[in-house]
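Naming convention: chains lettered A, B, ... in sequence-line order (proteins, then strands); numbering from 1 in each chain. Basis for what follows: all heavy atoms, side chains included, without hydrogens, waters or symmetry-related copies.
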Amino acid sequence: MINILFFAQLKELFGQASVELNIETPCTVAQIKQSLIHNHSAWAEQLNKPTIMCAVNQDMVADDHIVNANDEVAFFPPVTGG
Amino acid sequence: MINILFFAQLKELFGQASVELNIETPCTVAQIKQSLIHNHSAWAEQLNKPTIMCAVNQDMVADDHIVNANDEVAFFPPVTGG
Amino acid sequence: MNTAQPSISIKVQTDDFDVASEYAAMRTNNTQDGAIVFFSGLVREMNQGQGVTGLFLEHYPAMTEKSLHGIVEQACERWPLSKVRLIHRVGQLHVSDQIVFVAVSSAHREAAFDACHFIMDFLKKRAPFWKKETTTIGDRWVEALEKDKMALDKWNINDK
Amino acid sequence: MNTAQPSISIKVQTDDFDVASEYAAMRTNNTQDGAIVFFSGLVREMNQGQGVTGLFLEHYPAMTEKSLHGIVEQACERWPLSKVRLIHRVGQLHVSDQIVFVAVSSAHREAAFDACHFIMDFLKKRAPFWKKETTTIGDRWVEALEKDKMALDKWNINDK
(Lines give C-alpha, C1' and ligand atoms only; values in the text may rest on other atoms or scores of the structure.)
Protein backbone atom coordinates (compact mmCIF):
# COMPACT_ATOMS: atom_id res chain seq x y z
CA MET A 1 0.00 0.00 0.00
CA ILE A 2 1.23 3.42 -0.94
CA ASN A 3 -0.37 6.65 0.18
CA ILE A 4 -0.74 9.10 -2.72
CA LEU A 5 -1.39 12.80 -2.17
CA PHE A 6 -2.97 15.30 -4.60
CA PHE A 7 -2.75 19.07 -4.55
CA ALA A 8 -4.38 22.11 -6.16
CA GLN A 9 -6.31 21.33 -9.38
CA LEU A 10 -5.73 17.58 -9.00
CA LYS A 11 -7.22 17.56 -5.52
CA GLU A 12 -10.27 19.51 -6.77
CA LEU A 13 -10.80 17.50 -9.96
CA PHE A 14 -10.31 14.14 -8.23
CA GLY A 15 -12.50 15.23 -5.31
CA GLN A 16 -9.98 13.92 -2.78
CA ALA A 17 -6.71 14.93 -1.20
CA SER A 18 -5.28 11.41 -1.06
CA VAL A 19 -5.84 7.81 -2.04
CA GLU A 20 -4.42 4.47 -0.87
CA LEU A 21 -3.03 2.45 -3.77
CA ASN A 22 -2.53 -1.29 -3.62
CA ILE A 23 0.56 -1.87 -5.78
CA GLU A 24 3.56 -4.15 -5.58
CA THR A 25 6.75 -2.32 -4.57
CA PRO A 26 9.35 -1.41 -5.63
CA CYS A 27 7.74 0.13 -8.68
CA THR A 28 8.24 3.26 -10.76
CA VAL A 29 6.33 6.52 -10.65
CA ALA A 30 5.11 5.73 -14.18
CA GLN A 31 3.67 2.42 -12.95
CA ILE A 32 1.86 4.21 -10.12
CA LYS A 33 0.28 6.58 -12.64
CA GLN A 34 -0.85 3.66 -14.79
CA SER A 35 -2.31 1.89 -11.80
CA LEU A 36 -4.19 5.02 -10.67
CA ILE A 37 -5.60 5.49 -14.19
CA HIS A 38 -6.58 1.81 -14.28
CA ASN A 39 -8.59 2.27 -11.07
CA HIS A 40 -9.94 5.75 -11.97
CA SER A 41 -10.23 6.21 -15.72
CA ALA A 42 -11.51 9.79 -15.24
CA TRP A 43 -8.08 10.74 -13.88
CA ALA A 44 -6.27 9.83 -17.11
CA GLU A 45 -6.40 13.30 -18.65
CA GLN A 46 -4.74 14.93 -15.67
CA LEU A 47 -2.22 12.21 -14.83
CA ASN A 48 -1.11 11.86 -18.46
CA LYS A 49 -0.26 15.55 -18.79
CA PRO A 50 3.48 15.89 -19.44
CA THR A 51 3.61 18.86 -17.07
CA ILE A 52 2.28 16.95 -14.07
CA MET A 53 4.84 16.89 -11.25
CA CYS A 54 5.63 14.13 -8.79
CA ALA A 55 7.39 14.23 -5.43
CA VAL A 56 8.51 11.15 -3.55
CA ASN A 57 9.31 11.70 0.11
CA GLN A 58 9.02 15.45 -0.57
CA ASP A 59 11.63 15.54 -3.34
CA MET A 60 10.74 16.20 -6.96
CA VAL A 61 11.35 13.10 -9.09
CA ALA A 62 11.00 11.94 -12.68
CA ASP A 63 8.72 9.17 -14.00
CA ASP A 64 11.45 6.54 -13.78
CA HIS A 65 12.05 7.09 -10.07
CA ILE A 66 11.75 3.93 -7.96
CA VAL A 67 9.11 3.99 -5.23
CA ASN A 68 9.37 1.74 -2.19
CA ALA A 69 6.80 0.66 0.40
CA ASN A 70 5.97 3.45 2.88
CA ASP A 71 7.24 6.18 0.58
CA GLU A 72 5.05 9.29 0.44
CA VAL A 73 4.07 9.97 -3.17
CA ALA A 74 2.46 13.24 -4.31
CA PHE A 75 1.13 14.39 -7.69
CA PHE A 76 0.45 18.03 -8.50
CA PRO A 77 0.30 20.57 -11.33
CA PRO A 78 3.21 22.93 -12.04
CA VAL A 79 3.84 25.12 -9.01
CA THR A 80 2.88 28.81 -9.05
CA GLY A 81 4.19 30.31 -5.81
CA GLY A 82 6.36 33.34 -5.28
CA MET B 1 38.04 82.92 -17.84
CA ILE B 2 36.83 79.46 -16.96
CA ASN B 3 36.21 78.20 -13.46
CA ILE B 4 37.70 74.75 -12.90
CA LEU B 5 36.68 72.53 -9.97
CA PHE B 6 38.66 69.68 -8.41
CA PHE B 7 37.38 66.87 -6.22
CA ALA B 8 38.70 64.13 -3.94
CA GLN B 9 42.41 63.28 -4.44
CA LEU B 10 42.86 66.12 -6.96
CA LYS B 11 41.53 68.69 -4.52
CA GLU B 12 43.88 67.37 -1.82
CA LEU B 13 46.96 67.05 -4.01
CA PHE B 14 46.46 70.45 -5.66
CA GLY B 15 45.66 72.07 -2.31
CA GLN B 16 42.63 73.85 -3.76
CA ALA B 17 39.03 73.11 -4.69
CA SER B 18 38.99 75.38 -7.75
CA VAL B 19 41.09 77.61 -9.98
CA GLU B 20 40.31 80.37 -12.50
CA LEU B 21 41.89 79.68 -15.86
CA ASN B 22 42.54 82.36 -18.44
CA ILE B 23 42.06 80.58 -21.77
CA GLU B 24 40.55 81.51 -25.10
CA THR B 25 37.16 79.83 -25.71
CA PRO B 26 35.83 77.77 -27.33
CA CYS B 27 38.55 75.23 -26.58
CA THR B 28 38.70 71.50 -25.86
CA VAL B 29 38.98 69.74 -22.53
CA ALA B 30 42.40 68.52 -23.67
CA GLN B 31 43.52 72.12 -24.21
CA ILE B 32 42.33 73.06 -20.72
CA LYS B 33 44.41 70.22 -19.24
CA GLN B 34 47.49 71.39 -21.18
CA SER B 35 46.99 74.96 -20.04
CA LEU B 36 46.59 73.90 -16.39
CA ILE B 37 49.77 71.81 -16.61
CA HIS B 38 51.57 74.74 -18.23
CA ASN B 39 50.64 76.95 -15.27
CA HIS B 40 51.16 74.23 -12.61
CA SER B 41 53.75 71.69 -13.69
CA ALA B 42 53.26 69.73 -10.44
CA TRP B 43 49.74 68.85 -11.59
CA ALA B 44 50.94 67.01 -14.69
CA GLU B 45 51.07 63.55 -13.14
CA GLN B 46 47.43 63.69 -12.01
CA LEU B 47 45.94 65.46 -15.03
CA ASN B 48 47.73 63.19 -17.50
CA LYS B 49 46.30 60.03 -15.95
CA PRO B 50 44.11 58.28 -18.53
CA THR B 51 41.57 57.50 -15.82
CA ILE B 52 40.98 61.13 -14.85
CA MET B 53 37.36 62.15 -15.43
CA CYS B 54 35.97 65.46 -16.63
CA ALA B 55 32.48 66.93 -16.34
CA VAL B 56 31.35 70.04 -18.21
CA ASN B 57 28.18 71.63 -16.89
CA GLN B 58 27.76 68.54 -14.68
CA ASP B 59 27.81 66.01 -17.52
CA MET B 60 30.66 63.56 -18.05
CA VAL B 61 32.58 64.37 -21.23
CA ALA B 62 35.60 63.13 -23.20
CA ASP B 63 38.83 65.03 -23.91
CA ASP B 64 37.60 66.32 -27.28
CA HIS B 65 34.52 68.01 -25.80
CA ILE B 66 34.23 71.71 -26.65
CA VAL B 67 34.17 74.10 -23.69
CA ASN B 68 32.58 77.56 -23.99
CA ALA B 69 32.90 80.67 -21.85
CA ASN B 70 31.01 80.37 -18.54
CA ASP B 71 30.91 76.58 -18.69
CA GLU B 72 31.58 74.85 -15.37
CA VAL B 73 34.47 72.41 -15.78
CA ALA B 74 35.39 69.79 -13.18
CA PHE B 75 38.21 67.24 -12.98
CA PHE B 76 38.18 64.28 -10.64
CA PRO B 77 39.44 60.72 -10.17
CA PRO B 78 37.26 57.70 -10.98
CA VAL B 79 34.16 57.75 -8.80
CA THR B 80 33.76 55.29 -5.93
CA GLY B 81 30.25 55.80 -4.54
CA GLY B 82 27.53 53.27 -3.93
CA MET C 1 34.61 33.14 -0.07
CA ASN C 2 32.83 33.28 3.21
CA THR C 3 34.07 30.45 5.38
CA ALA C 4 31.59 30.85 8.24
CA GLN C 5 28.25 29.06 7.90
CA PRO C 6 25.64 31.44 6.55
CA SER C 7 22.79 32.28 8.89
CA ILE C 8 19.53 31.06 7.33
CA SER C 9 15.95 31.77 8.38
CA ILE C 10 13.04 30.23 6.45
CA LYS C 11 9.38 30.60 7.42
CA VAL C 12 6.10 29.48 5.86
CA GLN C 13 3.21 31.20 7.57
CA THR C 14 -0.34 32.50 7.21
CA ASP C 15 0.49 35.73 9.07
CA ASP C 16 1.74 38.86 7.38
CA PHE C 17 5.41 39.76 7.89
CA ASP C 18 7.23 42.96 8.78
CA VAL C 19 9.93 43.92 6.30
CA ALA C 20 11.45 46.42 8.76
CA SER C 21 12.18 43.76 11.35
CA GLU C 22 13.48 41.37 8.66
CA TYR C 23 15.81 44.09 7.43
CA ALA C 24 16.93 44.83 10.99
CA ALA C 25 17.76 41.15 11.44
CA MET C 26 19.90 41.25 8.28
CA ARG C 27 21.94 44.12 9.75
CA THR C 28 22.32 42.77 13.30
CA ASN C 29 25.88 41.70 14.16
CA ASN C 30 26.89 42.22 10.58
CA THR C 31 29.98 44.35 9.98
CA GLN C 32 31.32 42.23 7.12
CA ASP C 33 28.57 42.75 4.56
CA GLY C 34 28.47 45.63 2.12
CA ALA C 35 25.33 44.61 0.26
CA ILE C 36 21.80 43.55 1.12
CA VAL C 37 19.35 42.75 -1.67
CA PHE C 38 15.78 41.89 -0.99
CA PHE C 39 12.78 40.92 -3.04
CA SER C 40 9.20 41.33 -1.97
CA GLY C 41 6.30 39.84 -3.93
CA LEU C 42 2.82 41.39 -3.72
CA VAL C 43 -0.69 40.42 -4.85
CA ARG C 44 -1.48 42.36 -8.04
CA GLU C 45 -4.88 43.60 -9.05
CA MET C 46 -4.37 42.47 -12.62
CA ASN C 47 -2.62 39.17 -12.99
CA GLN C 48 -3.69 36.38 -15.35
CA GLY C 49 -7.27 37.20 -14.49
CA GLN C 50 -8.50 40.78 -14.64
CA GLY C 51 -10.05 42.29 -11.54
CA VAL C 52 -8.33 40.09 -8.99
CA THR C 53 -9.85 40.58 -5.56
CA GLY C 54 -7.94 37.94 -3.64
CA LEU C 55 -5.57 35.03 -3.82
CA PHE C 56 -5.59 31.70 -2.03
CA LEU C 57 -2.21 30.04 -1.59
CA GLU C 58 -2.24 26.27 -1.18
CA HIS C 59 0.95 24.36 -0.35
CA TYR C 60 2.27 20.90 0.46
CA PRO C 61 3.19 21.41 4.11
CA ALA C 62 5.52 18.45 4.57
CA MET C 63 7.52 19.44 1.50
CA THR C 64 7.48 23.25 1.50
CA GLU C 65 10.21 24.06 4.00
CA LYS C 66 12.38 21.19 2.81
CA SER C 67 12.16 22.50 -0.72
CA LEU C 68 12.93 26.10 0.29
CA HIS C 69 15.90 24.98 2.38
CA GLY C 70 17.26 23.07 -0.61
CA ILE C 71 17.02 26.15 -2.84
CA VAL C 72 18.65 28.43 -0.27
CA GLU C 73 21.45 25.92 0.31
CA GLN C 74 22.15 25.81 -3.41
CA ALA C 75 22.46 29.60 -3.39
CA CYS C 76 24.81 29.46 -0.39
CA GLU C 77 27.05 26.97 -2.17
CA ARG C 78 27.22 29.14 -5.23
CA TRP C 79 27.74 32.61 -3.70
CA PRO C 80 29.49 33.82 -0.53
CA LEU C 81 26.41 34.83 1.48
CA SER C 82 26.33 35.72 5.16
CA LYS C 83 22.60 35.81 5.79
CA VAL C 84 19.49 34.64 3.98
CA ARG C 85 15.95 35.28 5.25
CA LEU C 86 12.94 33.89 3.38
CA ILE C 87 9.24 34.08 4.22
CA HIS C 88 6.39 32.67 2.11
CA ARG C 89 2.80 33.16 3.12
CA VAL C 90 -0.01 30.62 2.60
CA GLY C 91 -3.79 30.85 2.92
CA GLN C 92 -6.13 33.68 1.96
CA LEU C 93 -4.53 36.94 0.74
CA HIS C 94 -5.91 40.17 -0.70
CA VAL C 95 -4.80 42.72 -3.29
CA SER C 96 -1.57 44.49 -2.31
CA ASP C 97 -0.80 41.92 0.39
CA GLN C 98 2.75 40.70 0.77
CA ILE C 99 3.21 37.11 -0.49
CA VAL C 100 6.91 36.38 -0.33
CA PHE C 101 10.10 37.95 0.96
CA VAL C 102 13.71 36.98 0.24
CA ALA C 103 16.67 38.90 1.63
CA VAL C 104 20.34 38.02 1.18
CA SER C 105 23.49 39.76 2.35
CA SER C 106 27.02 39.45 1.05
CA ALA C 107 30.29 41.34 1.05
CA HIS C 108 29.64 42.37 -2.56
CA ARG C 109 26.62 43.48 -4.52
CA GLU C 110 26.94 41.13 -7.50
CA ALA C 111 26.67 38.07 -5.25
CA ALA C 112 23.74 39.56 -3.36
CA PHE C 113 21.80 40.46 -6.53
CA ASP C 114 22.45 37.12 -8.21
CA ALA C 115 21.67 34.99 -5.16
CA CYS C 116 18.39 36.78 -4.42
CA HIS C 117 17.31 36.48 -8.06
CA PHE C 118 18.35 32.81 -8.19
CA ILE C 119 16.34 31.96 -5.06
CA MET C 120 13.22 33.64 -6.48
CA ASP C 121 13.60 31.95 -9.88
CA PHE C 122 13.89 28.50 -8.28
CA LEU C 123 11.19 29.13 -5.72
CA LYS C 124 8.81 29.96 -8.59
CA LYS C 125 9.56 26.68 -10.38
CA ARG C 126 10.36 24.23 -7.59
CA ALA C 127 8.62 25.08 -4.31
CA PRO C 128 5.20 23.41 -3.87
CA PHE C 129 2.85 26.41 -3.75
CA TRP C 130 -0.25 26.92 -5.88
CA LYS C 131 -2.18 30.14 -6.33
CA LYS C 132 -5.92 30.35 -6.89
CA GLU C 133 -7.13 33.80 -7.85
CA THR C 134 -10.48 35.15 -6.76
CA THR C 135 -11.68 37.50 -9.49
CA THR C 136 -14.84 39.47 -10.12
CA ILE C 137 -15.97 36.69 -12.51
CA GLY C 138 -15.06 33.70 -10.32
CA ASP C 139 -12.11 31.68 -9.05
CA ARG C 140 -9.34 30.27 -11.19
CA TRP C 141 -6.05 28.47 -10.64
CA VAL C 142 -3.07 30.50 -11.82
CA GLU C 143 -1.28 28.87 -14.76
CA ALA C 144 2.46 28.22 -14.61
CA LEU C 145 4.24 30.43 -17.12
CA GLU C 146 6.76 29.35 -19.71
CA LYS C 147 8.85 32.45 -18.92
CA ASP C 148 9.29 31.24 -15.33
CA LYS C 149 10.66 27.98 -16.67
CA MET C 150 13.00 29.83 -19.02
CA ALA C 151 14.13 32.07 -16.16
CA LEU C 152 16.09 29.09 -14.83
CA ASP C 153 18.17 28.86 -17.99
CA LYS C 154 20.39 31.76 -16.98
CA TRP C 155 21.69 29.81 -13.99
CA ASN C 156 23.06 26.93 -16.08
CA ILE C 157 21.72 24.25 -13.84
CA ASN C 158 20.65 20.91 -15.20
CA ASP C 159 17.17 21.00 -13.76
CA LYS C 160 14.29 19.21 -15.45
CA MET D 1 5.21 48.58 -21.01
CA ASN D 2 4.05 50.95 -18.32
CA THR D 3 2.42 53.95 -19.93
CA ALA D 4 2.01 56.05 -16.78
CA GLN D 5 5.01 58.16 -15.74
CA PRO D 6 6.98 56.33 -13.08
CA SER D 7 7.11 57.96 -9.67
CA ILE D 8 10.74 58.83 -8.89
CA SER D 9 12.28 60.00 -5.61
CA ILE D 10 16.01 60.79 -5.40
CA LYS D 11 17.74 62.17 -2.32
CA VAL D 12 21.35 62.99 -1.47
CA GLN D 13 21.68 63.61 2.26
CA THR D 14 23.96 63.46 5.28
CA ASP D 15 21.22 62.00 7.49
CA ASP D 16 20.57 58.31 7.85
CA PHE D 17 17.47 56.90 6.17
CA ASP D 18 14.72 54.56 7.28
CA VAL D 19 14.24 51.55 5.04
CA ALA D 20 10.83 50.79 6.58
CA SER D 21 9.36 54.13 5.51
CA GLU D 22 10.96 53.86 2.06
CA TYR D 23 9.42 50.43 1.66
CA ALA D 24 6.05 51.73 2.85
CA ALA D 25 6.25 54.48 0.21
CA MET D 26 6.88 51.84 -2.47
CA ARG D 27 3.67 50.05 -1.48
CA THR D 28 1.42 53.11 -1.07
CA ASN D 29 -1.27 53.39 -3.75
CA ASN D 30 0.29 50.51 -5.60
CA THR D 31 -2.04 47.69 -6.62
CA GLN D 32 -0.43 47.10 -10.02
CA ASP D 33 3.04 45.94 -8.91
CA GLY D 34 3.88 42.35 -8.11
CA ALA D 35 7.57 42.87 -7.39
CA ILE D 36 9.72 45.20 -5.32
CA VAL D 37 13.50 44.78 -5.33
CA PHE D 38 15.74 46.86 -3.18
CA PHE D 39 19.43 47.19 -2.62
CA SER D 40 21.03 48.58 0.48
CA GLY D 41 24.77 49.31 0.69
CA LEU D 42 26.55 49.33 4.07
CA VAL D 43 29.99 50.37 5.35
CA ARG D 44 32.11 47.22 5.72
CA GLU D 45 34.74 46.68 8.37
CA MET D 46 37.12 45.19 5.84
CA ASN D 47 37.11 46.86 2.49
CA GLN D 48 40.25 47.77 0.52
CA GLY D 49 41.87 48.76 3.79
CA GLN D 50 41.81 46.40 6.74
CA GLY D 51 40.33 47.63 10.00
CA VAL D 52 38.10 50.31 8.55
CA THR D 53 36.68 52.49 11.30
CA GLY D 54 34.86 55.05 9.20
CA LEU D 55 34.20 56.38 5.74
CA PHE D 56 33.98 59.93 4.47
CA LEU D 57 31.86 60.45 1.37
CA GLU D 58 32.68 63.46 -0.75
CA HIS D 59 30.52 64.44 -3.73
CA TYR D 60 30.08 67.12 -6.38
CA PRO D 61 26.84 68.70 -5.17
CA ALA D 62 25.81 70.49 -8.37
CA MET D 63 26.23 67.28 -10.37
CA THR D 64 25.14 64.51 -8.01
CA GLU D 65 21.36 64.64 -8.31
CA LYS D 66 21.50 65.40 -12.02
CA SER D 67 23.67 62.33 -12.54
CA LEU D 68 21.41 60.08 -10.44
CA HIS D 69 18.30 61.32 -12.25
CA GLY D 70 19.95 60.49 -15.56
CA ILE D 71 20.71 56.93 -14.45
CA VAL D 72 17.20 56.37 -13.08
CA GLU D 73 15.63 57.75 -16.25
CA GLN D 74 17.69 55.35 -18.34
CA ALA D 75 16.36 52.50 -16.21
CA CYS D 76 12.78 53.75 -16.62
CA GLU D 77 13.16 53.84 -20.40
CA ARG D 78 14.48 50.31 -20.44
CA TRP D 79 12.10 48.57 -18.03
CA PRO D 80 8.40 49.10 -17.14
CA LEU D 81 8.86 50.48 -13.62
CA SER D 82 6.18 52.11 -11.49
CA LYS D 83 8.29 53.53 -8.67
CA VAL D 84 11.97 54.17 -8.05
CA ARG D 85 13.37 55.49 -4.76
CA LEU D 86 17.07 56.24 -4.38
CA ILE D 87 18.97 57.69 -1.43
CA HIS D 88 22.73 58.26 -1.25
CA ARG D 89 24.38 59.58 1.87
CA VAL D 90 27.37 61.91 1.97
CA GLY D 91 29.67 63.06 4.78
CA GLN D 92 31.09 61.06 7.68
CA LEU D 93 29.88 57.49 8.11
CA HIS D 94 30.84 54.64 10.43
CA VAL D 95 31.10 50.85 10.18
CA SER D 96 27.70 49.20 9.50
CA ASP D 97 26.12 52.53 8.54
CA GLN D 98 23.80 52.62 5.56
CA ILE D 99 25.36 54.34 2.53
CA VAL D 100 22.95 53.88 -0.33
CA PHE D 101 19.44 52.60 -0.99
CA VAL D 102 17.76 51.82 -4.31
CA ALA D 103 14.23 50.41 -4.53
CA VAL D 104 12.28 49.71 -7.71
CA SER D 105 8.85 48.24 -8.27
CA SER D 106 7.39 46.66 -11.36
CA ALA D 107 4.62 44.33 -12.41
CA HIS D 108 7.17 41.54 -12.85
CA ARG D 109 10.22 40.41 -10.95
CA GLU D 110 12.70 40.20 -13.85
CA ALA D 111 12.26 43.91 -14.61
CA ALA D 112 12.56 44.82 -10.93
CA PHE D 113 15.75 42.78 -10.41
CA ASP D 114 17.40 44.02 -13.59
CA ALA D 115 16.51 47.68 -13.11
CA CYS D 116 17.73 47.78 -9.50
CA HIS D 117 20.99 46.06 -10.49
CA PHE D 118 21.44 48.39 -13.48
CA ILE D 119 20.96 51.50 -11.35
CA MET D 120 23.57 50.32 -8.83
CA ASP D 121 26.07 49.36 -11.55
CA PHE D 122 25.81 52.79 -13.19
CA LEU D 123 25.75 54.68 -9.91
CA LYS D 124 29.07 53.00 -9.03
CA LYS D 125 30.69 54.11 -12.26
CA ARG D 126 28.99 57.41 -13.14
CA ALA D 127 27.74 59.27 -10.08
CA PRO D 128 30.25 61.75 -8.61
CA PHE D 129 30.90 60.30 -5.15
CA TRP D 130 34.31 59.52 -3.65
CA LYS D 131 34.99 57.44 -0.58
CA LYS D 132 37.84 58.03 1.82
CA GLU D 133 38.34 55.27 4.36
CA THR D 134 39.49 55.93 7.89
CA THR D 135 41.47 52.88 9.00
CA THR D 136 43.47 51.97 12.06
CA ILE D 137 46.64 52.87 10.11
CA GLY D 138 45.43 56.14 8.59
CA ASP D 139 43.14 57.55 5.90
CA ARG D 140 43.09 56.44 2.28
CA TRP D 141 41.00 57.16 -0.78
CA VAL D 142 39.17 54.08 -2.03
CA GLU D 143 40.40 52.96 -5.45
CA ALA D 144 37.95 52.44 -8.31
CA LEU D 145 37.76 48.75 -9.19
CA GLU D 146 38.10 47.23 -12.63
CA LYS D 147 35.25 44.83 -11.80
CA ASP D 148 32.87 47.79 -11.36
CA LYS D 149 33.79 48.98 -14.82
CA MET D 150 33.23 45.50 -16.23
CA ALA D 151 29.89 45.27 -14.42
CA LEU D 152 28.52 47.71 -17.01
CA ASP D 153 29.29 45.32 -19.87
CA LYS D 154 26.26 43.15 -19.14
CA TRP D 155 23.94 46.07 -19.98
CA ASN D 156 25.24 46.49 -23.54
CA ILE D 157 25.45 50.24 -23.36
CA ASN D 158 28.11 52.12 -25.24
CA ASP D 159 29.50 53.97 -22.26
CA LYS D 160 33.12 55.04 -22.09
### Message
For residues 22-33 of chain B, give me every residue with a non-hydrogen atom less than 4.5 Å from any non-hydrogen atom of chain D.
### Response
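Heavy-atom contacts from residues 22-33 of chain B to chain D are absent.
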#### Entry: Contacts with chain D made by residues 73-82 of chain B (heavy-atom distance under 4.5 Å), listed by residue number
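Within residues 73-82 of chain B, near chain D: B:A74, B:F76, B:P77, B:P78, B:V79, B:T80, B:G81, B:G82.
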### Task
Could you look at B:A8 and say if it's the side chain, the backbone, both or neither that has a heavy atom under 4.5 Å from chain D?
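B:A8 touches chain D through backbone and side-chain heavy atoms alike.
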### From CA spacing to verdict: ring-ring contact (aromatic ring centres under 6.0 Å, His included), D:F118, D:W79
CA-CA 10 Å; D:F118 172 95; D:W79 291 280; 5.2 Å; yes
### Message
Taking the side chain as everything from C-beta on, heavy atoms only, tell me whether D:I99 gets closer than 4.5 Å to D:L42.
### Response
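Side chain of D:I99 against side chain of D:L42, heavy atoms only: no contact under 4.5 Å found.
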### Query
Would a 4.5 Å heavy-atom cut-off, applied to side chains only, mark D:H69 and D:I8 as touching?
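Yes, side chains in contact.
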Ion pair present between [X] and [Y], side-chain N to carboxylate O less than 4.0 angstrom?
| X | Y | answer |
| --- | --- | --- |
| D:K132 | B:E12 | yes |
| D:R27 | D:D33 | no |
| D:D121 | D:K154 | yes |
| D:E65 | D:K11 | no |
| D:D16 | D:R89 | yes |

### Query
After noting the C-alpha distance and the side-chain angles of B:K11 and D:E58, does the key distance pass the salt bridge (charged side-chain N to carboxylate O under 4.0 Å, His left out) rule?
CA-CA 11 Å; B:K11 182 171 72 179; D:E58 181 174 334; 3.1 Å; yes
### Message
Between D:A62 and chain B, with a heavy-atom cut-off of 4.5 Å, which part of the residue counts as in contact: side chain, backbone, both or neither?
### Response
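Both backbone and side chain.
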### Message
Quick check on D:K124 against chain B: is it the side chain, the backbone, both or neither that has a heavy atom closer than 4.5 Å?
### Response
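Interface part for D:K124: both.
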### Task
Could you label the plane-to-plane angle of the D:W155 and D:H117 rings as parallel, tilted or perpendicular, counting under 30° as parallel and over 60° as perpendicular?
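Perpendicular, since the angle between the ring planes exceeds 60°.
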### Message
For the interface with chain B, which of D:E143, D:M63, D:H88, D:H59 has the highest count of heavy-atom pairs at distances below 4.5 Å?
### Response
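With the most close heavy-atom pairs to chain B, the winner is D:M63.
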### Message
Suppose we call two aromatic rings close when their centres sit under 6.0 Å apart. Are B:F6 and B:W43 close by that rule?
### Response
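Under 6.0 Å, so yes.
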